[in-house]
Amino acid sequence: MSLPEKSEHHHGKQRSLRRKLMSGVVLALLSVILYLQLDIIAPAFTSLILTPLSLAAEPGLFARLHVLRVIEYWIAALVWTLGVAIALRGLFAKRAKQAPQRVGATQRLLSTARERYRRLGLGLQVILLFAFVAAAAPFLASWDPTAQGSLPATRLLPPLTRAAYVEYTPVAATPTAGPISKRLADANNYLLNRLIRFSALEDDTILAAPSPEAMQVVRRGDRLFFLGTDHLGRDLASRIIYGTRVSLGIALVAAVGAVIAGAVFGFAAGNCGRIVERLLMRSLDVLLAIPSLFLILAVVTFLGSSIPMMIAVLIALGWMAPARIIRTEVASLREREDILTAKLLGVPTRRIVLAHMVPNILPVVLTSLLLQFSTMVLAEATLSFLGLGVQPPIPSWGSIIGEATGYLHIAWWIALFPGVAISTLIVGAHVALEGWQRGPGS
Amino acid sequence: MAKRIAKRALNAILLSLGVATIAFVVIHVLPGDPATALISPRLSSSTIEQLRTQYGLDRPLHVQYGLWLWSLLHGDFGFSFSQQRDVLNILAAALPYTIILALTAILIELFLGSLLALLAVRTQNGFIDKIVTVGALVTYTLPTFWIAILLISIFSYWIGLLPPAQVHSVGAERLSSIPYAIDFLGHLILPALAIGLPGAAGIARFLRANLLKVYQLEYVLAAYSMGMSELRIFFSYALPNALLPVVTILGLELGALIGGALVVETVFAWPGMGRLTVIAIFARDYPLVLACTIVSGLGVIGGNLLADIAASVLDPRLRKEM
């Protein structure tokens, strides 16, 4: 019995080492970005910390703070702190107590289960990473994703090109006298109103700020366009980072909505009479036979496209598959002995559904959710690619690629990198899905 | 057998009717009359009314539906507002292109997919197997439009080997028949690959799992114990049984492709059903949009039916099942 014990122990040690290594890498990355982006991160934290303080001192200030516009920086700061905290905990936490040794079949079962959850975890980590990028976008992006710079200086720059720039902020009209609120106003002013101008690479002339008397120069320097720029001179990396918000957000909301709608339909169909059920399922067949992309196209073209409209359309077309899966599951549950017994005992239907059916259906719901999520990412990207989804200048991965189609022969990078982002996210969802579907024992 | 197929066919007809009805309702319930797209504000209101009467748009919805369905049953798809031609003629021009593209893509899927699955199974858990499994997962999940764009970037702009769009080169109509065909094939390869690659990846994954499952079955074990050669077991027992579900998948896919690959055809400017659908939707051309939907709905339903029939022809067990 000594062999498996040893390997188990060894595995545990290796796992915790790997975890420490990962945490260290994450921490290092976060610090590097902190160093590079200090000019944005510092005022963001200032704003986050000083706002409650100055509100306590001066309650009338609230109206003048532009809270809604600064809030994305606060969220980024909070998520950042959370990321650092998790990484630190992973680095310094003591190793979890070794679980009692199990033998034979139990151990085999455990190791398949572990493999299953490892894959699920890996996939979910990828999705979480994108969620982090979406939340911390203002810290990660170097430039405003819609700022066009100056065309002759920044149009279609290949990756890793540098460009000289000047950064301006408005000369702040300080609204308050107190030192705390003055610092707060300065921080917010910098976050919300900074402006960047580029010079052409060959000579040093830099376009002036639109109104020199209202703007002051903060700094000059040159910055890297990590992934290059697009045909309007916008920073591609920033557009992809901000695009994560749009793509991930739409896909997430649409997937959750579709699964909820599908679950309601599935339960309704699974719990009513034979004839109604057959009728419902037949109509589902008809709906599934209509090519969904066609329907999306038709609806979006005729009704116009906005983000809420897109989500609604995606839900309207995505609920059928979960409905079908959940209906099948409900139908098979209905015949199970524990449910039949509950029925015979006179347990009310509502209670049977809520207490006995819903928990049993959760695994299928997670499956549908992951599947729908990847489908929705793809659908959103395809729609935006065709120009029927997210409208410019809002960046979404699909629309960035769509805008790049005219420049494929001179600028390969514009279409390449957003595609990598889409694929990574979808592959992550699929890895999670596969791990989850594999199931222990199979 | 015949009874089963007849039942399925009846089912398919009912489904088609459902699809046609839903498409009609969706198109007509959405705001934005074709008149609004067709008619410029400079026209006088009496002219607009006249046009509406001419196209039958002034009648009640159920009358329009009845008339439309009646002429549809007679093979009359109506008259396209935007192209000023019979819809049937437009469809007849677009369908061959889509069918050629779909068949080429399906062939690529079948051959490339089977080849990769074979490679993976022969080197099970080895290096090649891992590359094939991971590569297939990634390829399978890639967005089609991105694959199309990558293909264009690589083969048209980087290597400069294949044309990035259209069906013929400029001036191809002056070529004699063989260079003309070669020119056409050159234009066909990239769009067919864009559709076929993810499909091949899907089939490779599916077939690999199936083959591994079949190798666990008793009849394969029996064949081994009878001393049959590896190759013979593979080709006469393992492969046919593992391929059965693949045939179903391919049938479904062929059906779905008859409606046209909207994205790929748009990217490659391929004049098939998919691009026609996109154009029709942008032009708000009701009869054309409806016809495209019905064709693709029929494609899906027909593909289902075809897959069903093929499966029961190939698998005696399914025949008995009725």
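From a predicted model like this one, the values you see are computed outputs, not experimental measurements. Every chain is numbered from 1, with letters handed out A, B, ... down the list of sequences.
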Subject >> B/Thr144 side, atom OG1; A/Leu378 side, atom CG - distance, nearest 0.5 Å >> reply: 6.5 Å

**OP:** Decide side-chain contact (heavy atoms from CB on, under 4.5 Å) for B/Phe145 and A/Ile422; before the verdict, give the C-alpha distance in whole Å, the side-chain angles of both, and the deciding distance to 0.1 Å.
**Re:** CA-CA 11 Å; B/Phe145 64 87; A/Ile422 299 176; 4.2 Å; yes

Subject >> From OG1 (A/Thr382) to CG (B/Leu262), nearest 0.5 Å >> reply: 10.0 Å

Original post:
Within a reach of under 6.0 Å around CD1 of A/Ile275, are more than 12 heavy atoms found that belong to other residues, nucleotides or ligands?
Top reply: no

**OP:** Take B/Thr266 and A/Leu386 through the side-chain contact (heavy atoms from CB on, under 4.5 Å) test and state the conclusion after the steps.
**Re:** CA-CA 9 Å; B/Thr266 307; A/Leu386 289 173; 4.1 Å; yes

**OP:** Give a yes or no on this: more than 12 heavy atoms of other residues, nucleotides or ligands lie within 6.0 Å of atom CZ of B/Phe155.
**Re:** no

**OP:** Look at the aromatic rings of A/His430 and B/Tyr140 and report parallel, tilted or perpendicular, splitting at 30° and 60°.
**Re:** perpendicular

Subject >> For chain B, the option from A/Val377, A/Thr424, A/Ile401 that forms the most heavy-atom pairs under 4.5 Å >> reply: A/Ile401

Original post:
About how many Å separate CG of B/Leu137 and OG of A/Ser423, when rounded to the nearest 0.5 Å?
Top reply: 11.0 Å

Subject >> Distance in Å, B/Ile154 CD1 paired with A/Trp412 CH2, rounded so as to fall on 0.5 Å steps >> reply: 11.5 Å

Original post:
Contact part of B/Asn304 toward chain A, heavy-atom cut-off under 4.5 Å: side chain, backbone, both or neither?
Top reply: neither

Original post:
Among B/Ile149, B/Val278, B/Leu142, which has the most heavy-atom pairs under 4.5 Å with chain A?
Top reply: B/Ile149

Original post:
Are there more than 12 heavy atoms of other residues, nucleotides or ligands under 6.0 Å from atom CZ of A/Phe226?
Top reply: no

Original post:
Roughly how far, to the nearest 0.5 Å, is CG of A/Leu416 from CH2 of B/Trp146?
Top reply: 5.5 Å

Subject >> Value rounded to 0.5 Å, distance of OG in B/Ser156 from NE2 in A/His409 >> reply: 12.0 Å

